[in-house]
Each structure stands twice: as structure tokens, then as C-alpha cells.
Amino acid sequence: MDWSYHSAEELTAALRAGEVTSVELTDEAIARIERDDKAINAICVPDFDRARDAARDADRARDRGEDRPLLGIPVTVKESYNIAGLPTTWGMPQHRDFLPAEDAVQVSRLKDAGAVVLGKTNVPLGLQDVQSFNEIYGTTNNPWDHGRTPGGSSGGSSAALAAGFGALSIGSDIGGSLRTPAHFCGIYAHKPTVELVPTRGSVPPAVPAWPVASDLAVVGPMARTARDLTLLLDVMAGPDPLTHGVAYELALPPARHERLGDFRVLVLDEHPFIPTGTAVRAGVQRVADALADGGAHVERHSALLPSLAESALIYTQLWFAGVGARFPAETYEQLRGLAAGLGADDQGLDAARLRGLVSSHRDWADANNRRELHRQGWRRFFAEFDAVVCPITPTPAFPHDHEPDSMKRRLDIDGVAYPYLDQLVWAGLATMPGLPATAVPTGLSPEGLPVGVQLIGPMYEDRTPLRLAELLEQEIGGFQAPKREADNGGS
């Protein structure tokens, strides 16, 4: 029996029933990677010997009567997480030989839960792209079409899941880096509420792996089913024992509803800064129809919704303030001169990026205050609604584009070119206020490419969009495996 595309939940049941062993699952996953990953290039750092050892240990543990949440389940890990004895480079050539001494907190939690780590998955340079390619490990291809990107920066993880390389993976997200790869590859991902899942050890190479809170970035689970997302989030979530864990314990509230018909949902498919392509719009409509057919209360407009335009500008300024803070002083001063030339009436995304790069602490504090106003607006909104359904990016996966200057790239939306970075505004809708967002597949585009949407939920109520994702999976279907080249004559 081929177990490659079974969910972690199904594999756990089979392991418990004695239908398969962890060693057999691990050997099968490794054989599949060795056969298929030459064309996809998702697994950039294999760790097969230690994976086989871990699988043997898992089988022995089960024989002793142990039953941990992920015991014996093969998984992958985004390259940006530290794993002792394996390189952490973030795709940066100058760090190709950096070997961390200890595991990231999330890697430790995977191992403590009994998972078998097959290896690390590819990323873009510095994790700063909607694609996944770098000088060290090369380009990761989308399993659905090798001429297209699987997304980024967790693109190696999404490609691995779509290709059947392990049942679960973990990634990270600040500009949609969990959600966009899920959308491009037809899998599930969850961006948790900010700071719900500790990030210690998911740091640039040679940076101390200390517990540092981010105001935007999160780490989170990726899977081929919605239920597996919840399974993995329960392993990952909870305070870092070095900081909040000294005093606090996790107590996530249950999902607001268990039946589709009880949900109150706002559906969006238009953004003031960028159009939504036909294929993505159709995916949003499929979800809207499933919600309506299931008896959910569906609206298309609400005066309670915080401004999408202002949200995008605040998000852009906050994100690029963090980017600019790491620039050399000379570069920073040059950018300050450019920003000084902006007119007060220039309120576009390019201007927000430039202003963000040279933000003073006063500027950042002002943007942060505006973020808090948005958070309060979302609290009022979620008193009347349970979730927002909206795009993740405006298009399905696009062809590889390795133009070094991302400002020169263009995104084709229904035959019209738009600035490449503008596609991030939909991801920023949940990122800026720190809201949870679950990426779910909705089917295929006319070209045969996966299309997904995100379900944005109330802060700290991650189980609400996750439960809605499960219900939608039942209504419209979920993951579909791409055909291999041997089956379809190439892609």
C-alpha cells in the first residue's frame, strides 16, 4: 500500500492498528523523495540516516505502549529552523557552512511529539520572496507545473507536501509565507495569532537563538488536511518556557461553531490596491457558494470592516521598518534622502515601502498606534462576524521570475502587469493586526493550477477558522495530488 498521500491522522490510526510501522513509512517517504525530488528540489537538506534511527525509536516506543501525538509520523522542516547538526543558511551563500548547536524550539516540540524529521525544505534568499530559489540549493519547482514557483518563503515545504514527501511540515509567515505556498500548491496552512507559537531558533544563521517576540512574523503548521493543521498546531502552540511560559499556560478557546450553518462570514474579493484575477475570484466564489448552501450567514459588505487601504499601508510601513533597520548606515542615509522627496499626498504602496525603510522609532510608534486602532476595529467586527473569506494573492502560481531587483518584476493578472510586491496586500490583511488565518484549497484554475483562499478569524480564536476549514473541506473537497511526470508526460 502507498501511504505517501495519507494524512497524519490516518497514518497515526494505521500505526496504532499495526497496519504499518514507522520504519516502513519513513523508507517509503525517502524512496519517494529520491525518485521524484530531482525534478522538484523541495528537500534541500536531507537527514535520512537520523530519520531512519528516529523511526526505529518510534516503533520501539509504540511497542512499549507509548502514544504521542506525532509518534512515527514523517515530517519536514523549513530550512530556516535550526536543527542541530544540519546547516541553517536562509539561502545566504556566506552562511553555507553554519551549523547550529541546538534545535529550534519547534523542532524540539516535533521530536518530543514523536515526529520523524526527514530533512529541511528550500527557501528564498533571506526568506524574502514569494518564490523559493537561492544560490546554495537552487530553485524549487511547483509539483503541479515545474515551470512555476511553489511560492515562498515556505515553498519547499508546500512543494514537499504536494509531492507526498512526508505528512506534515512547519514554516513561517510575515508576507504570506505559509499561506501563499499553500495556495500555489493546493495544500493547507495556518498562520497563527501573533506570538501564539514561539519562534526561538527560527533565526538567521549565526544570530543567537534567543526568545524574541516579533510584531508581525509567526511560525506555523502546513498539512494536506485541515484536521492535520489542528493536530500540528496543538503540538506547536504554547508559550516559550524561557519567557511567557514562566507564568502562563495555553488555553485556546474552542471554535465558535461546529456546524457550517451557524457561521457568520464576510466574503471579499476586491482590494483597492490590486485587482483579483479571474481564477482566484472563482475560487472565492466557490467558497461563498458552499457557505450559502450550508446555511451560513454570508455578507459581501460590512461597515465594520477596517479600511483595506489603510491596513495595507500600515502593514507595509511596519514590515519595511524591520527590513530597513538591518541596512548599512550608508544605504539607510541614501534612502532617507529619497524618502524626503516624497510628497505628503503620495500614499501609494511604493511610498509606504520607502517610508518604512527609513522609519524612526517615532514613525514606527505612530504606525503601531494606528495598528492598535485597527485591532479594536477587528474586535468590533468579530462581534458580528466569525470569519472573513478572501484571496491570499491575486493569481495562481506564476512562472519562475529570477530578476534580482524585485521592484522591476511584474505580476500578470489577467493579461495586465502590476508591481510584483503589491500582491502582498492580501496577506498583510491578517498579518498587520496579528490575526489567525487558515489557507484552504478551493479547486483548480482553468489551467489546472491550485487555487486557495484564506479564512481570517478573531485574535486568539485560531480554532474558529481551523474548524471552518474542516467544514469547507467536507463541502468542496480539499487536497488533490498532482500527477507525476511519468503519469502525464511532463509539466
Margin query: With a 3.5 Å distance limit and no angle check, can you tell me whether D103 reaches the backbone of A84 through a side-chain donor-acceptor pair?
Written below: yes
Notebook entry, point to check: Under 3.5 Å, is there a donor-acceptor pair between the side chain of Y332 and the main chain of L357?
Noted result: no
Note to self: If the threshold is 4.0 Å, N to carboxylate O, is there a salt bridge linking R52 and D27?
What the structure shows: yes
Check: CG/D422 to CG/L349 distance, rounded to the nearest 0.5 angstrom?
Finding: 4.5 Å
Notebook entry, point to check: Counting only heavy atoms not in R227, do more than 12 fall under 6.0 Å of its CZ?
Noted result: no
Margin query: Ring centroids only, cut at 6.0 angstrom: are H95 and W90 within range, meaning strictly under it?
Written below: no
Notebook entry, point to check: Does atom CG of D63 have more than 12 heavy-atom neighbours from other groups under 6.0 Å away?
Noted result: yes
Notebook entry, point to check: Taking all non-hydrogen atoms of both residues, which atom of P205 and which atom of T88 are closest, and how far apart?
Noted result: CB-O, 3.2 Å
Margin query: Looking at Q454 and P391, would you say the former's side chain and the latter's main chain have a donor-acceptor pair under 3.5 Å?
Written below: yes
Note to self: I need the I314 CD1 to E372 CD distance, nearest 0.5 Å.
What the structure shows: 10.5 Å
Note to self: I'd like to know if the side chain of D228 and the backbone of L168 have a donor-acceptor N/O pair within less than 3.5 Å.
What the structure shows: no
Notebook entry, point to check: What pairs meet the side-chain hydrogen bond (donor to acceptor under 3.5 Å, both in side chains) rule with one or both residues in residues 155-164, with sequence neighbours excluded?
Noted result: T121-S157, S157-S169
Checklist line | Partner set under side chain to side chain donor-acceptor pair (under 3.5 Å) for D462, not counting sequence neighbours | finding: H190, T193
Checklist line | Qualifying salt bridge (Lys or Arg N to Asp or Glu O under 4.0 Å) pairs with a residue from residues 70-88, counting only residues at least two apart or across chains | finding: none
Next item on the list: Would you mind reporting whether L335 and L354 have side-chain heavy atoms less than 4.5 Å apart?
Entry: yes
Checklist line | Closest contact, heavy atoms only, L99 versus G85 | finding: CD2-O, 3.9 Å
Note to self: Can you tell me if E330 has over 12 outside heavy atoms packed within less than 6.0 Å of its CD?
What the structure shows: no
Note to self: Filter on salt bridge (Lys or Arg N to Asp or Glu O under 4.0 Å), then keep only pairs touching residues 237-256, sequence neighbours left out; what's left?
What the structure shows: R200-D240, R256-D386, R256-E461
Notebook entry, point to check: Who pairs with Y188 by ring pair (Phe, Tyr, Trp, His ring centres under 6.0 Å), at least two apart in sequence or on another chain?
Noted result: none
Notebook entry, point to check: Do V107 and N82 come close enough that some side-chain heavy atom pair is under 4.5 Å?
Noted result: no
Notebook entry, point to check: Which pair of heavy atoms, one from S172 and one from S80, lies closest together, and at what distance?
Noted result: OG-OG, 4.3 Å
Note to self: So does G155 get a backbone contact from the side chain of S132, meaning a donor-acceptor N/O pair under 3.5 Å?
What the structure shows: yes
Checklist line | Any donor-acceptor N/O pair, R336 side chain to V358 backbone, under 3.5 Å | finding: no
Notebook entry, point to check: Any side-chain heavy atom of L472 sitting closer than 4.5 Å to one from L455?
Noted result: yes
Check: Any Lys/Arg nitrogen of D57 or R50 sitting under 4.0 Å from an Asp/Glu carboxylate oxygen of the other?
Finding: no
Notebook entry, point to check: Is the backbone of M236 close enough, under 3.5 Å, to the side chain of Q106 for a donor and an acceptor to pair up by distance?
Noted result: yes
Notebook entry, point to check: Does atom CD of E135 have more than 12 heavy-atom neighbours, drawn from other residues, nucleotides or ligands, at distances under 6.0 Å?
Noted result: no
Check: With no hydrogens and no angle check, is any side-chain donor or acceptor of T140 less than 3.5 Å from a backbone partner on N41?
Finding: yes
Next item on the list: Run the salt-bridge test on D366 and R362 with the 4.0 Å N-O cut-off and return the result as yes or no.
Entry: no
Checklist line | Heavy-atom closest contact (A255 atom, T464 atom, distance) | finding: CA-OG1, 3.6 Å
Check: Within the distance-only criterion (no hydrogens, no angle test), does the side chain of R326 pair as donor or acceptor with the backbone N or O of G322 below 3.5 angstrom?
Finding: yes
Margin query: Could you measure the distance from the OG1 atom of T225 to the CD atom of E470? Nearest 0.5 Å is fine.
Written below: 8.0 Å
Next item on the list: Could you give me the CA-CA distance, side-chain angles and deciding distance for K191 and T438, then say whether side chain to side chain donor-acceptor pair (under 3.5 Å) is met?
Entry: CA-CA 6 Å; K191 186 200 87 66; T438 306; over 6 Å; no
Item checked: Pairwise distance CZ(F263) to NE2(H297) - rounded to 0.5 angstrom -> 14.0 Å
Margin query: Quick check against the 3.5 Å criterion: does E24 have a side-chain atom that pairs as donor or acceptor with the backbone of T21?
Written below: yes
Next item on the list: Not counting sequence neighbours, list each pair that qualifies as a side-chain hydrogen bond (donor to acceptor under 3.5 Å, both in side chains) and has a residue in residues 302-312.
Entry: E310-H374
Notebook entry, point to check: So R259 and D262, salt bridge (charged side-chain N to carboxylate O under 4.0 Å, His left out) or not? Walk me through it.
Noted result: CA-CA 6 Å; R259 296 175 54 253; D262 294 331; 2.9 Å; yes
Check: Quick one: do R56 and D53 make a salt bridge, cutoff under 4.0 Å?
Finding: yes
Next item on the list: Over 60° means perpendicular and under 30° means parallel, so classify the ring planes of F381 and W378, tilted if in between.
Entry: perpendicular
Next item on the list: Check the pair D363 / R355 against salt bridge (charged side-chain N to carboxylate O under 4.0 Å, His left out), numbers first and verdict last.
Entry: CA-CA 9 Å; D363 296 330; R355 290 188 179 107; over 6 Å; no
Check: Would you call R68 and E66 a salt bridge, taking side-chain N to carboxylate O under 4.0 Å as the test?
Finding: yes
Next item on the list: Would you sort out whether E384 and R264 count as a salt bridge (charged side-chain N to carboxylate O under 4.0 Å, His left out), showing the intermediate values?
Entry: CA-CA 8 Å; E384 300 295 329; R264 304 160 298 171; 5.1 Å; no
Next item on the list: Answer yes when D350 and R353 have at least one side-chain N-carboxylate O distance shorter than 4.0 Å, and no when they do not.
Entry: yes
Margin query: Less than 3.5 Å apart, any donor N or O on the side chain of N368 or D215 sitting next to an acceptor on the other?
Written below: no
Next item on the list: Rounded to the nearest 0.5 Å, what's the gap from CZ on F165 to OG1 on T76? Could you check?
Entry: 10.0 Å
